[in-house]
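Report on the structure given below.
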Protein chains: 2
Amino acid sequence: MIDAGAFAPLYKEVKRLLTASIAKGEWQAGAVLPSETRLAQRFSVSIGTLRKAIDEMVVERIVVRHQGRGTFVASHSANRLMFHFFHVVRRGDRAREVPETKTLAFRRARAEPAEAAMLHVAVGEPVYRVRNLLSLAGRPTILDDLVLPQALYPDLTEKIFTQRDNTIYHLYQSRYGINVLRASERLSAALAGADAAKLLGLKKGAPLLEISRVALSYHNAPVELRRSLVDTREHEYLSDFGGTGIVQ
Amino acid sequence: MIDAGAFAPLYKEVKRLLTASIAKGEWQAGAVLPSETRLAQRFSVSIGTLRKAIDEMVVERIVVRHQGRGTFVASHSANRLMFHFFHVVRRGDRAREVPETKTLAFRRARAEPAEAAMLHVAVGEPVYRVRNLLSLAGRPTILDDLVLPQALYPDLTEKIFTQRDNTIYHLYQSRYGINVLRASERLSAALAGADAAKLLGLKKGAPLLEISRVALSYHNAPVELRRSLVDTREHEYLSDFGGTGIVQ
DNA sequence: TAGTGGTCTAGACCACCTG
DNA sequence: AGGTGGTCTAGACCACTAC
């Protein structure tokens, strides 16, 4: 037993320990975990209990199971995961297009009070501010403003950021060991200012969808803020709830 | 055994049969199911297999478990479920307010092609069109336009609709046995037309959040369309994904 | 062929709720 | 006290993957 006097069920404890090991980097993203039999031995629990712990970690996308191959730490490299955090689709047929990203600005700055609260850091903490313009089907459609705590991404530079050969979240994962698991978003309607209008090829006062996202890693630790302004003339934001991903 | 030659796992088959029984009305919303022991006997499976079937039904909100009391068909009467489909919260503190609903129109009409496709009915099928104005903190904030197939709500009248003493989804459930489990939404930004501006107390051309929802019941059958126009000056739309509801 | 995860069983004990 | 769901065990067998 491992229970250590906690009042939580054994499988929750196992899940907590496994998640902590992954967060610590004992297994990198994409790496295979020991087999269920071995993990059960390691934690001195039955296979059933170990499986129940991993069941929840699968639902939370911390790990992925492949029958016959093993259980792997979830990775952003797969295409499926790339679109897991990209909810803007083409109007009508809901097609998902790969966005073309252009970085307009990369600056070092200090966290504003509101940002600091959402990032769980002190006011004035060093941050990066990044502005990206995303094009869909060749047309500028989304204007993204990112805020990242410098402490989490120590040696990040504009060159590293722009010369990545994959998604932004994959860069966080492969270079800094930061895995984005969840995102919490708040949406509202806004009017295009002079800035956004010019960049998105709109008239000032055109309607835009504004999305404020907090990206979260293990234990719900915030690792990025992102405000998106979306031109929804040809695109929409998809939201499914009550849904589970379980195929009937 | 029950497997009946299907290639699906036993627990999926059990889940399918249980869900079908609920959809058929063998147990009404809020009713208690037989105990796990009895259900396991009924389907000639072990408790473990029966529990795995119910586990998934819990995730899909088809049933709710209460330790020591039993397993119940999910019901809309609970306050928690009411807010499960209401994602508009107060800006800043994200407080959930109970909306005050006023029905502005209730008409019988025919399904337009786009509506018919989304509702899985024939073009021209009889529908109800309902327009509601929702106020939050005493101020008109959301303009809802609903489309319901008349076939699903046979004797519905404006009087029945407006004199319900609970949520709209609870009316569907208690009077017509229709349980809304999921909703699929598409969001975009729009400008207030003369109509919406007047009703929401805005200037024409003010930015609005437009939400198109399809409400789904068992086996993903569509049971309602709803277009919402939201004044997001004081409110926001919340969206969490990658999340699971599992408390760490 | 060996090893992996996926399913299924049969039972024990506990925590909780209702009478 | 009796019944409910919640946890945990210890195994068996199957389906899939890699070598």
Side-chain angles (χ1 to χ4, degrees), chain A residues 1-18 27 30-75 78 245-248, chain B residues 1-18 27 30-75 78 245-248:
Chain A
M1 293 288 177
I2 263 193
D3 206 354
F7 291 146
L10 238 193
Y11 76 91
K12 290 274 189 190
E13 185 66 10
V14 170
K15 175 184 165 195
R16 198 183 62 72
L17 290 170
L18 261 181
W27 302 289
V32 63
L33 265 55
S35 76
E36 297 184 340
T37 316
R38 254 183 280 271
L39 284 175
Q41 288 168 355
R42 164 165 167 172
F43 294 114
S44 302
V45 299
S46 74
I47 291 270
T49 302
L50 189 274
R51 277 187 67 82
K52 189 154 184 185
I54 294 196
D55 279 346
E56 287 201 355
M57 294 172 71
V58 167
V59 173
E60 296 179 31
R61 297 174 202 273
I62 297 172
V63 298
V64 178
R65 282 201 272 229
H66 291 291
Q67 187 175 21
R69 295 208 283 137
T71 304
F72 301 77
V73 180
S75 164
I246 293 179
V247 180
Q248 306 283 339
Chain B
M1 292 289 178
I2 263 192
D3 203 356
F7 291 145
L10 237 194
Y11 76 91
K12 290 272 188 192
E13 185 65 11
V14 171
K15 175 186 165 194
R16 198 183 62 74
L17 290 170
L18 262 180
W27 302 288
V32 64
L33 264 56
S35 74
E36 298 185 339
T37 316
R38 254 183 280 271
L39 284 175
Q41 286 167 357
R42 164 165 168 174
F43 294 114
S44 303
V45 300
S46 75
I47 292 269
T49 301
L50 189 276
R51 277 186 66 81
K52 189 154 184 185
I54 295 196
D55 279 347
E56 286 201 355
M57 294 171 72
V58 167
V59 173
E60 295 178 32
R61 296 176 201 272
I62 297 172
V63 298
V64 179
R65 283 200 273 228
H66 291 292
Q67 186 174 21
R69 293 207 284 139
T71 304
F72 301 78
V73 180
S75 163
I246 292 178
V247 180
Q248 306 284 339

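Protein chains get the first letters and strands the later ones, always in sequence-line order, with residue 1 at the start of each.
For the pair A/Gln41 CD and C/dG3 C1', the interatomic distance rounds to 14 Å; values are reported in whole Å.
When the side-chain nitrogen and oxygen atoms of B/Ser46 are compared with OP1 and OP2 of C/dC8, none of them lie within a distance under 4.0 Å. Residue A/Arg38 places at least one side-chain N or O under 4.0 Å from the OP1 or OP2 atom of C/dT4. Remark: B/Thr49 is not in phosphate contact with C/dT7, judged by side-chain N or O atoms under 4.0 Å from OP1 or OP2.
Ranking D/dT9, D/dT4, D/dA18 by closeness to the A/Arg69 side chain, first place goes to D/dA18. Closest to the side chain of A/Arg51, out of D/dT4, C/dG6, C/dC8, is C/dG6. Checking C/dG5, C/dT9, C/dC8 against every side-chain atom of B/Tyr11, the shortest atom distance belongs to C/dC8. Side chain of B/Leu10, nearest nucleotide from C/dT7, C/dC8, D/dG5: C/dC8. The side chain of A/Gln67 lies closest to D/dA15, out of D/dA15, D/dG6, D/dC8. Taking the side chain of A/Arg65 as heavy atoms from C-beta on, and the options C/dG6, D/dG6, D/dC8, the nearest nucleotide is C/dG6.
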Could you give me the CA-CA distance, side-chain angles and deciding distance for B/Leu39 and B/Leu18, then say whether side chain to side chain contact (heavy atoms under 4.5 Å, CB included) is met? CA-CA 9 Å; B/Leu39 284 175; B/Leu18 262 180; 4.2 Å; yes
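Here A/Thr37 lies out of heavy-atom contact (under 4.0 Å) with every strand.
A salt bridge does not link A/Arg16 to A/Glu56: none of the charged nitrogens lies less than 4.0 Å from a carboxylate oxygen. Note on B/Arg65 versus B/Asp55: salt bridge recorded, some NZ/NE/NH1/NH2 to OD/OE distance being below 4.0 Å.
A/Arg51 meets the salt bridge (charged side-chain N to carboxylate O under 4.0 Å, His left out) test with A/Glu36; sequence neighbours excluded.
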